[in-house]
Amino acid sequence: RSFAMLSLPLEAMRTAGHAFGGTINDVAATIVDAGLQGYLAGIDRPAKQRLVTMLPVSLRDEGDLSAKTLASAMFVALGKPNAGVVDRMRQVMASIEVGKTELRGMSKDAAMLYAVSVLGIGTATEMSNAVGRLTGHVANFVLSNVPGSRNDLYLGGARLAAIYPISALAL
C-alpha cells in the first residue's frame with residue numbers, strides 16, 4: 001500500500017476548473033486519475049475499466065465548530081482508461097455531480113450511514129468471501145483534498161509551509 005501527496009497552485013487549478021464549468025476538486029480528481037492511469041500503463045498494468053475513488057465529504061454547515069464527526073463519502077467513477085484530458089475532465093465532473101446529487105437527496109444521518117454501510121459491506125464481503133470472488137473493491141483508492149488554513153500559521157516564529165494530513169486509511 002502506498003500514498004502520494006501533491007501541492008498545486010490554487011489559482012491555476014481554479015482557472016482550469018472554471019474553463020470547464022467545474023471546481024478545484026474536479027481538476028484535482030482529474031489530475032490524480034490521469035496520473036494513476038499513466039502510472040498503471042507505465043508498469044504494464046493498464047486499467048481495463050474506469051477507476052473508482054472514494055471521496056470523503058464533509059457534511060458540516062459553515063460555522064459548525066461542534067466536536068463530532070459529520071462526514072460521508074462519494075464513490076466516483078473517474079475517466080475512461082484511454083480518455084484524453086478534455087474527455088477525462090468531463091467524465092470526472094459528470095460522475096462527481098451524480099455523487100453530489102445522491103448525497104444532497106439524503107439527510108446528514110442517512111449520508112453518514114450510507115458511507116459506513118457501503119464500506120462495511122465491501123469489507124465484510126472481501127474478508128468473508130461468502131459471496132465468492134466479486135469484481136474487486138468498493139473503490140480503488142481514497143482521494144482526499146483537505147483545504148489548509150486561509151491564514152498563515154506560525155510555530156515558534158516559523159511559518160507553516162504545508163500541511164499533509166492523512167484523512168482516511170483504507171485496507
Side-chain angles (χ1 to χ4, degrees), residues 1-10 12-59 71-106 110-147 164-171:
R1 309 246 188 255
S2 61
F3 66 95
M5 294 176 282
L6 174 68
S7 293
L8 296 170
L10 288 178
M13 292 182 66
R14 186 174 286 116
T15 299
H18 286 307
F20 286 89
T23 67
I24 290 172
N25 288 336
D26 296 328
V27 174
T30 301
I31 290 170
V32 169
D33 181 34
L36 188 52
Q37 292 284 0
Y39 170 77
L40 291 171
I43 61 168
D44 203 31
R45 296 188 67 187
K48 294 179 177 83
Q49 58 194 21
R50 295 168 75 167
L51 298 174
V52 175
T53 186
M54 183 193 88
L55 296 171
V57 176
S58 173
L59 299 173
S72 186
M74 291 188 300
F75 298 89
V76 174
L78 297 173
K80 292 180 181 176
N82 295 317
V85 175
V86 172
D87 287 338
R88 183 176 308 281
M89 180 74 172
R90 288 186 176 131
Q91 291 164 9
V92 168
M93 287 174 57
S95 192
I96 288 174
E97 188 55 40
V98 168
K100 287 178 181 178
T101 299
E102 288 174 353
L103 285 180
R104 281 187 207 115
M106 299 179 201
M112 288 189 295
L113 183 59
Y114 163 75
V116 170
S117 298
V118 170
L119 291 172
I121 290 168
T123 301
T125 300
E126 287 181 40
M127 291 177 69
S128 69
N129 201 20
V131 186
R133 290 279 176 212
L134 297 177
T135 58
H137 303 287
V138 173
N140 301 103
F141 63 100
V142 176
L143 175 57
S144 182
N145 181 16
V146 179
Y164 297 101
I166 298 175
S167 61
L169 297 175
L171 301 175

side-chain contact (heavy atoms from CB on, under 4.5 Å) against [X], all qualifying residues, sequence neighbours excluded:
| X | value |
| --- | --- |
| V85 | none |
| D26 | T23, M89, M93, I96 |
| A94 | none |

Practice item. To the nearest 0.5 Å, tell me how far L51 CG sits from K80 NZ. Key: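 If we round to the nearest 0.5 Å, L51:CG and K80:NZ are 14.0 Å apart.
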Check your understanding: Roughly how far, to the nearest 0.5 Å, is the CG atom of L36 from the CD1 atom of I31?
Key ->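 Output value for this atom pair is 13.5 Å.
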Exercise: identify the closest heavy-atom pair between [X] and [Y]:
| X | Y | answer |
| --- | --- | --- |
| A115 | A73 | CB-N, 3.6 Å |
| L103 | A111 | CD2-CB, 3.9 Å |
| F141 | L78 | CZ-CD1, 3.6 Å |
| V76 | S95 | CG1-OG, 3.3 Å |
| L143 | P56 | O-CD, 3.3 Å |
| M74 | K100 | SD-N, 3.3 Å |

**Study point:** Over 12 non-hydrogen atoms of neighbours within 6.0 angstrom of CG in N82
**Key:** no
Check your understanding: Has the side chain of R14 got a donor or acceptor atom that lies under 3.5 Å from a matching backbone atom of I24?
Key -> no
Review point. Who pairs with E97 by salt bridge (Lys or Arg N to Asp or Glu O under 4.0 Å), at least two apart in sequence or on another chain?
Key: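 Testing E97 for salt bridge (Lys or Arg N to Asp or Glu O under 4.0 Å), a comparison that skips the adjacent residues, returns R104.
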Check your understanding: Who pairs with R45 by salt bridge (Lys or Arg N to Asp or Glu O under 4.0 Å), at least two apart in sequence or on another chain?
Key ->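 R45 satisfies salt bridge (Lys or Arg N to Asp or Glu O under 4.0 Å) with no residue once adjacent residues are dropped.
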Check your understanding: Does anything in residues 30-41 pair up under side-chain hydrogen bond (donor to acceptor under 3.5 Å, both in side chains), and if so which pairs, sequence neighbours excluded?
Key ->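 Qualifying pairs: D33-R88.
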